Amino acid sequence: MAGIDSIQKDLYSLGSPEKAAFLSRFFKTGKGQYGEGDLFLGITMPEIRSVVAKYAYLSISEWQALLISPYHEIRMASLIGLMKHFQKSKKDPTAQKQIFDFYLTHLDYINNWDLVDVTCRDIVGAYLLKQDRSILYDLAQRPHLWAQRVAMVSTWYFIKHNQFSDTLRIAELLLSHSHDLIHKAVGWMLREVGKRDELVLEEFLDTHTQQMPRTALRYAIERFPESKRKYYLSL
């Protein structure tokens with residue numbers, strides 16, 4: 001476990017109290033907020049990625065052990081390390097399944113939007129590309145904010161392969177969600193669909209615009225010309 005101690009030491013050494021205070025506010029760690037109680041060291045994403053690259057030799061189990069850290073940036077390093085292992089394991093489906101299963105059984109530690117968004121597409125989405133995807137619908141209907149965001153954002157991997165149906169169906173499931181972070185995720189993924197096939201996005205909007213939270217709609221139509229944006233906002 002010397003590698004775990006060493007990577008944590010390197011991450012601690014990069015911490016900045018000023019940045020930690022800013023990140024604590026930015027990621028809403030106050031009482032009653034979505035990131036309540038999370039702790040930050042004050043490390044930037046480029047710094048985290050650089051440290052992860054230095055410790056590419058760590059095993060899957062070592063990266064997994066880091067996920068229980070109380071510090072946000074160490075959990076991010078853990079998830080990026082696991083994502084890199086997943087990507088290198090294309091010829092090892094057992095290793096990929098191990099990482100996928102671990103990811104979905106530890107969502108309580110993947111507990112902010114950046115942790116989800118940086119990693120779920122290339123672990124959950126990538127694993128499910130050629131698998132049964134019913135787990136995403138289970139995640140979308142759990143009373144768990146981060147499980148729901150994983151369900152939505154993981155479909156980004158399918159969008160990259162011009163497969164839109166799961167994105168659209170999960171977006172429908174989450175249209176009535178109460179949280180702004182889900183509205184943003186829904187709108188973002190719909191916008192990604194539109195980048196690939198604008199007609200598919202327009203067909204979805206023609207059916208659902210009046211049900212959509214304003215935030216989700218604004219995200220979805222962000223790339224439209226002004227006249228088309230005004231049209232959908234007027235419905």
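Computed from a predicted structure; not experimentally measured.
Between the Ser154 side chain and the Arg121 main chain, no donor and acceptor come within less than 3.5 Å of each other.
The salt bridge (Lys or Arg N to Asp or Glu O under 4.0 Å) contacts involving residues 76-105 comprise Lys97-Asp101, where partners must be two or more places apart or lie in separate chains. Applying the salt bridge (Lys or Arg N to Asp or Glu O under 4.0 Å) test to every pair with at least one member in residues 9-28, sequence neighbours left out, gives these pairs: Asp10-Lys54. Within the structure, salt bridge (Lys or Arg N to Asp or Glu O under 4.0 Å) pairs that include any residue of residues 139-153 comprise Asp117-Arg149, Asp138-Arg142 (at least two apart or interchain). Applying the salt bridge (Lys or Arg N to Asp or Glu O under 4.0 Å) test to residues at least two apart or on different chains, the pairs with a partner in residues 190-204 are Arg191-Glu222, Glu192-Lys195, Glu198-Lys228, Glu202-Lys228.
Within a 6.0 Å sphere centred on CG of Leu129, heavy atoms belonging to other residues, nucleotides or ligands number more than 12. Around the CD atom of Gln131, the shell of radius 6.0 Å holds more than 12 heavy atoms that belong to other residues, nucleotides or ligands. Crowding of Lys160 atom NZ: a count of heavy atoms from other residues, nucleotides or ligands under 6.0 Å exceeding 12. Counting heavy-atom neighbours within 6.0 Å of Tyr34 OH, excluding the residue itself, gives a total above 12.
Using bins of under 30°, 30° to 60° and over 60° for the plane-to-plane angle, the ring pair Phe224/Tyr232 lands in the tilted bin. In this pair, Trp188 and Trp156 present their aromatic rings perpendicular. The plane angle is above 60°, beyond the 30 to 60° band. Using cut-offs of 30° and 60° on the angle between ring planes, the pair Phe22 and Phe26 is parallel.
Aromatic pair Phe102/Phe100: centroids not less than 6.0 angstrom apart.
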Intermediate values then yes/no, side chain to side chain contact (heavy atoms under 4.5 Å, CB included), Thr94 and Gln98: CA-CA 6 Å; Thr94 300; Gln98 177 187 347; 5.7 Å; no
Please report the C-alpha distance between Phe27 and Trp113 in whole Å, then the side-chain angles of each, then the deciding distance to 0.1 Å, and finally whether the ring-ring contact (aromatic ring centres under 6.0 Å, His included) criterion is met. CA-CA 9 Å; Phe27 286 104; Trp113 57 264; 5.2 Å; yes
Check step by step if side chain to side chain contact (heavy atoms under 4.5 Å, CB included) holds for Met189 and Ile170. CA-CA 10 Å; Met189 289 304 105; Ile170 292 171; over 6 Å; no
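A donor-acceptor contact closer than 3.5 angstrom links the side chains of Tyr103 and Thr119.
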Result block: side-chain N/O donor-acceptor pairs under 3.5 angstrom for residues 212-220, not counting sequence neighbours:
from, atom 1, to, atom 2, distance (Å)
Arg214, NH2, Leu233, O, 2.2
Thr215, OG1, Asp180, OD1, 3.3

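Taking each heavy atom of Glu47 and Ile43 in turn, the nearest pair found is OE1-CG2, 3.3 Å.
When the salt bridge (charged side-chain N to carboxylate O under 4.0 Å, His left out) test is applied to Asp122, no partner is found at least two apart in sequence or on another chain.
With His161 as the partner, the ring-ring contact (aromatic ring centres under 6.0 Å, His included) test is satisfied by one option alone out of Phe158, Tyr157, Phe164: Tyr157.
Transitive grouping of hydrophobic side chains (ILVMFWY, heavy atoms separated by less than 4.5 Å) keeps Leu168 and Leu199 in distinct clusters.
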